[in-house]
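Step one of this worksheet: look at the structure below.
All values below were derived from every heavy atom in this structure, side-chain atoms included, with hydrogens, water molecules and symmetry-related copies excluded.
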Amino acid sequence: MRQSASSLPALAQHDLVLLEEGRHPDPFAVLGRHGFAGGSFVRAFLPGCNYAELVTGEGEERNAVPMVTNGDGVFQAPAPADIPYRLRISWPDGIVEAADPYAFGLSLSEDDIYLFAEGRHFDLGTRLGANPRSFDGIDGVLFAVWAPNASQVAVVGNFNGWDVRRHPMRRRLGPGIWELFIPGIGPGAVYKYAITGSNGEKLPWKADPLGRRHEEPPRTGSIVSAAPDFEWDDAGWLKRRERANPMAEPLAIYEVHVGSWLRTEWGRMGSWEEACDRLIPYLEYMGFSHVELLPITEHPFGGSWGYQPLGLFAPTARLGPPESFARFVDRCHAAGIGVILDWVPAHFPSDEHGLARFDGTALYEHEDPRQGFHRDWNTLIYNVGRREVRGFLIASALWWLETFHLDGLRVDAVASMLYRDYSREPGEWVPNHLGGRENLEAISFFQELNTLVGARGRGAITIAEESTAWPGVTAPVHHGGLGFHFKWNMGWMHDTLRYFVRDPIHRGYHGDDVTFGLIYAFSENFVLPISHDEVVHGKGSLISRMPGDDWQRFANLRLCLSLMWTHPGKKLLFMGCEFGQEEEWNVDAPFPWPADDDVRRRGTMQLVRDLNAVYRGHPALHRLDHQAEGFGWVIADDQANAVFAFTRSAGDGRPPLLVIANMTPVPRHDYRVGVAAAGLWAERLNSDAEIYGGSGLGNGGQAATTPLASHGQAQSLSLTLPPLALLVLEHAGAGE
């Protein structure tokens, strides 16, 4: 017998008010199926619907019972206690039939909850956030978000009219995770979280911190997306990577902002598909071993170049869906090119839809601005001393390495995390519990991060952008170090650029800019960076800082790049520097490719290509990059001529390569240099060659030793040193 509305238990008035105001703390206590003295019934809160039916059975067994309402949005109907049911609802924009979100039990496992609370859940990318799931054969999306200080959280989206009353979530006991399984929706649904603070304050709707996909800015919604289901074809690459020793391998990195590299007209960024067709062949042609992507994690402001991200689990929508990014990485691996991602755990922007005061409190950041705010970048600082935040960041790092098969992470702004007084005056920072300036929590965070990358990364590397003399950045964790594989050598970069900016007439007095870096060159595993930071914010392009007339500027650029490629340390060069881009980099401008008849820029590009070939083909230039045995000064004190010479060795018993650089525009004839072996020495590279836009001066491709002692050697070469040029010579045999 059908029961009337009055025969079913009425919803208490205070519960109705809480539901109507979108702030009910426990919707499962009043919605879904419940028992009462007369049996069981289903209650749903469906504000704005025209009518609703409770549906059981399928086909001929289908039974639809109208749900009754008092016009307050609460619909009720009797229902058997043990039969699955669905709700058929008529909304103003159509009829929907789906299972009741409030008919399902707990969704996240107790292990998920426990590990998250401990900061040890490193698979958060497929646990929290919006995950397409199936429960009891019913497809839908499980939403889960951390908001421990919220009094209520609801999912709002294009599937519920962005109505905060329709899908309030359930709070799980423990660290403050809210969850809700919503049947009948799937990938492509756009959503946010509507959060009510502990004091009843309605917060701005928040994008999902664990969202795997987001709307293209300026829109800020998250998009339901399954973990990328991509058929990888790089098993052989990964196996080789696991076996390789990155310290002894050639590492020549091309740093690129993908959107602006692809840009051919104002306002158009390109896509991952275009990057497959254009960027990968270019990297192959130029001979770079790796490409480093400026941050592609989703970010609201394109002018930050990605360095103010909010979506640490999502490739930016500007370039295409996650599957397209996976395809780009796979294609890079097929071409023999590794992919490194700039990853930013140091700070995040304060956009109201993001992580800032996520649940009405300083959840991801520090409450105290002396610890939680970067004045340099107007951003907030992650509280890595909080276990849940620490676990969130490490899970992000592993997500990129494991899900997208990335070959490494370049970790941004490490120094800003290591020092509590970074860019702060006395009294503007909080000492650690020992009274010091070191951020002990950040030290521990980096050690754990690098340990886990070592355990789970299958040979992936981490690179620290660390701009101070912090000891042991690349030392193993078990030796007290931070555990990074490599560190950017910012000191070398500053010294080298300062040297090359000088008029050559003065360079003889500033040779320490060239030699000083070798004092500490083997204290860490260094990467030599000429990065995006050196060609922005009024610094000008690399070529614009070179002195002299146009010929000398390009000769200086070729000399600078040649010195970089032959100096101990791995290499990183920002896009445009490989051909002498004239204007400083502008993220919004089309990439200024040189014309086919631009001899000097095309020549410089050819030089970089040949430098990569020489670097890759001669183990002496990379095998002992981080060991003093691989380097030796021959000439470091010729102030009169501003000439430097050094050797590079692979430690394999063969004579080392000889590198000699003339830092002035004056050719040096009959310049004598001692060498380790008698016979012929072949010019393997001459940065003044005509093919590079140089004068073509040199030694005819080779030089023979004479038994005249020089520089501590019994044999020596008499060489012609081209102007503003560098030579690489290799012992080619005993000769006649």
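Remark: Arg609 is positioned above the aromatic ring of Tyr285, its terminal NZ or CZ atom under 6.0 angstrom from the ring centre and at most 45 degrees off the axis. Annotation: cation-pi pair Arg327/Trp232 absent, no NZ/CZ under 6.0 Å from the ring centroid and within 45° of its normal.
Just one residue in the list Leu312, Leu128, Val384 forms a side chain to side chain contact (heavy atoms under 4.5 Å, CB included) with Phe392, and that residue is Leu312. Partner His347 forms a ring-ring contact (aromatic ring centres under 6.0 Å, His included) with one of Tyr422, Phe373, Tyr307, Trp377 and no other, that one being Trp377. Here the rule is side chain to side chain contact (heavy atoms under 4.5 Å, CB included) with Phe574, and of Leu294, Asp533, Leu542, Val256 only Leu294 fits it.
Remark: the Thr379 side chain and the His374 side chain contain no N/O donor-acceptor pair separated by less than 3.5 Å. For Ser222 and Lys206, the side-chain atoms include no donor-acceptor pair closer than 3.5 Å. In the model, Tyr254 has a side-chain atom that pairs as donor or acceptor with a side-chain atom of Glu578 under 3.5 Å. Judged purely by distance below 3.5 Å, without hydrogens or angles, the side chains of Asp330 and Trp237 never pair a donor atom with an acceptor atom. Looking at Asp123 and Thr126, their side chains never bring a donor and an acceptor atom within 3.5 Å of each other. One side chain, Asp208 or Tyr191, offers a donor N or O that lies under 3.5 Å from an acceptor on the other. Side-chain polar atoms of His290 and Asp407 form no donor-acceptor pair below 3.5 angstrom. Ser324 and Glu273 form a side-chain donor-acceptor contact under 3.5 Å, judged by distance and modelled atom types alone. With hydrogens and angles left out, the side-chain atoms of Trp488 and Ser531 include no donor and acceptor closer than 3.5 Å.
Side chain of Asp351 to main chain of His353: no donor-acceptor pair is present (N/O by atom type, distance under 3.5 Å, no hydrogens or angles). Side-chain atoms of Arg172 do not come within 3.5 Å of backbone N or O of Ile113 as any donor-acceptor pair. Under a 3.5 Å cut-off, the side chain of Thr403 and the backbone N or O of Trp400 do not form any donor-acceptor pair. At distances below 3.5 Å, not a single donor-acceptor pair connects side-chain atoms of Arg213 with backbone N or O atoms of Ala317. Put simply, the side chain of Asn432 gets close to the backbone of Glu438: a donor and an acceptor are under 3.5 Å apart. In this structure, Glu292 contributes its side chain and Leu341 its backbone to no donor-acceptor pair below 3.5 Å. Side chain of His485 to main chain of Thr462: a donor-acceptor pair is present (N/O by atom type, distance under 3.5 Å, no hydrogens or angles). Remark: side-chain polar atoms of Arg263 are paired, donor with acceptor, to backbone N or O of Val587 under 3.5 angstrom. Without hydrogens or angle criteria, His214 side chain to Arg212 main chain gives no donor-acceptor distance under 3.5 Å. In this structure a side-chain-to-backbone donor-acceptor pair under 3.5 Å is present from Asn489 to Trp492.
Summarising the geometry, atom NZ belonging to Lys570 is positioned 9.5 Å from atom CD1 belonging to Ile461; distances are rounded to the nearest 0.5 Å. Expressed to the nearest 0.5 Å, how far OG of Ser444 lies from CZ of Arg390 amounts to 3.5 Å. With rounding to the nearest 0.5 Å, the separation of CG in Asn131 from CG in Leu210 is 8.5 Å. Note that CH2 of Trp261 and CE of Met269 are 13.5 Å apart. Values are rounded to the nearest 0.5 Å. Here the straight-line distance linking atom CD of Gln371 with atom CD of Glu441 works out to 8.0 Å at 0.5 Å rounding. Here the CD-CZ distance, from Glu465 to Arg410, works out to 4.0 Å after rounding to the nearest 0.5 Å.
Using bins of under 30°, 30° to 60° and over 60° for the plane-to-plane angle, the ring pair Phe325/Phe328 lands in the parallel bin. Using a 30° and 60° split on the angle between ring planes, Phe313 and Trp399 fall in the tilted class, from 30° to 60°. Taking the six-membered ring where tryptophan is involved, the planes of Phe116 and Trp146 are perpendicular, since the angle between them exceeds 60° and thus also 30°. Trp585 and Trp305 have tilted rings, their planes meeting at an angle from 30° to 60° on a 0 to 90° scale.
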Audit row: His622, Tyr615, ring pair (Phe, Tyr, Trp, His ring centres under 6.0 Å) steps and yes/no
CA-CA 7 Å; His622 59 255; Tyr615 173 62; 5.7 Å; yes
Applying side-chain contact (heavy atoms from CB on, under 4.5 Å) to Val614 and Leu621, what does each step give before you reach the verdict?
CA-CA 8 Å; Val614 170; Leu621 291 176; 3.7 Å; yes
Trace of the side-chain contact (heavy atoms from CB on, under 4.5 Å) decision for Leu482 with Thr474:
CA-CA 6 Å; Leu482 298 184; Thr474 59; over 6 Å; no
Would you please test Leu528 and Leu572 for side-chain contact (heavy atoms from CB on, under 4.5 Å) and show each step?
CA-CA 6 Å; Leu528 310 181; Leu572 179 139; over 6 Å; no
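Counting heavy atoms from C-beta on, the side chains of Leu251 and Ile253 come closer than 4.5 Å. Within the 4.5 Å cutoff, no side-chain heavy atoms of Ser289 are placed close to those of Ile337. At a threshold of 4.5 Å between non-hydrogen side-chain atoms, the residues Pro315 and Pro322 count as touching. For the pair Phe122 and Leu115, the minimum side-chain heavy-atom distance is 4.5 Å or more. Between Glu298 and Pro217, some side-chain heavy-atom pair lies under the 4.5 Å cut-off. Residues Leu106 and Glu179 form a side-chain contact, since some pair of their non-hydrogen atoms from C-beta on lies under 4.5 Å apart. Here the side chains of Leu563 and Leu561 are not in contact, with every heavy-atom distance at 4.5 Å or above. Proximity of Val477 to Phe446: side-chain heavy atoms (C-beta onward) are nowhere separated by under 4.5 Å.
Of all non-hydrogen atoms in Ala252 and Asn612, the two that sit nearest each other are CB-OD1, 3.3 Å. Taking both residues in full, the closest heavy atoms of Leu108 and Ala144 are given as CD1-CB, 3.8 Å, listed atom of the first, atom of the second, then distance.
The local environment of OH in Tyr114 is sparse, with at most 12 non-hydrogen atoms from other residues, nucleotides or ligands closer than 6.0 Å. Open room surrounds CG on Asp229; 12 or fewer heavy atoms of other groups in view lie less than 6.0 Å from it.
The ring of Tyr419 has its center closer than 6.0 angstrom to the ring center of Trp470. In this structure, Phe348 has its ring center under 6.0 Å from that of Tyr382.
For Glu249, there are no salt bridge (Lys or Arg N to Asp or Glu O under 4.0 Å) partners at least two apart in sequence or on another chain. Under the salt bridge (Lys or Arg N to Asp or Glu O under 4.0 Å) criterion, Arg648 pairs with Asp625, sequence neighbours left out.
At a threshold of 4.0 Å, the pair Glu466-Lys487 counts as salt-bridged, since one of the basic side-chain nitrogens sits closer than that to a carboxylate oxygen. Salt bridge Glu448/Arg120: present, at least one basic N to carboxylate O contact under 4.0 Å. A salt bridge links Glu118 to Arg387: at least one charged side-chain nitrogen sits closer than 4.0 Å to a carboxylate oxygen.
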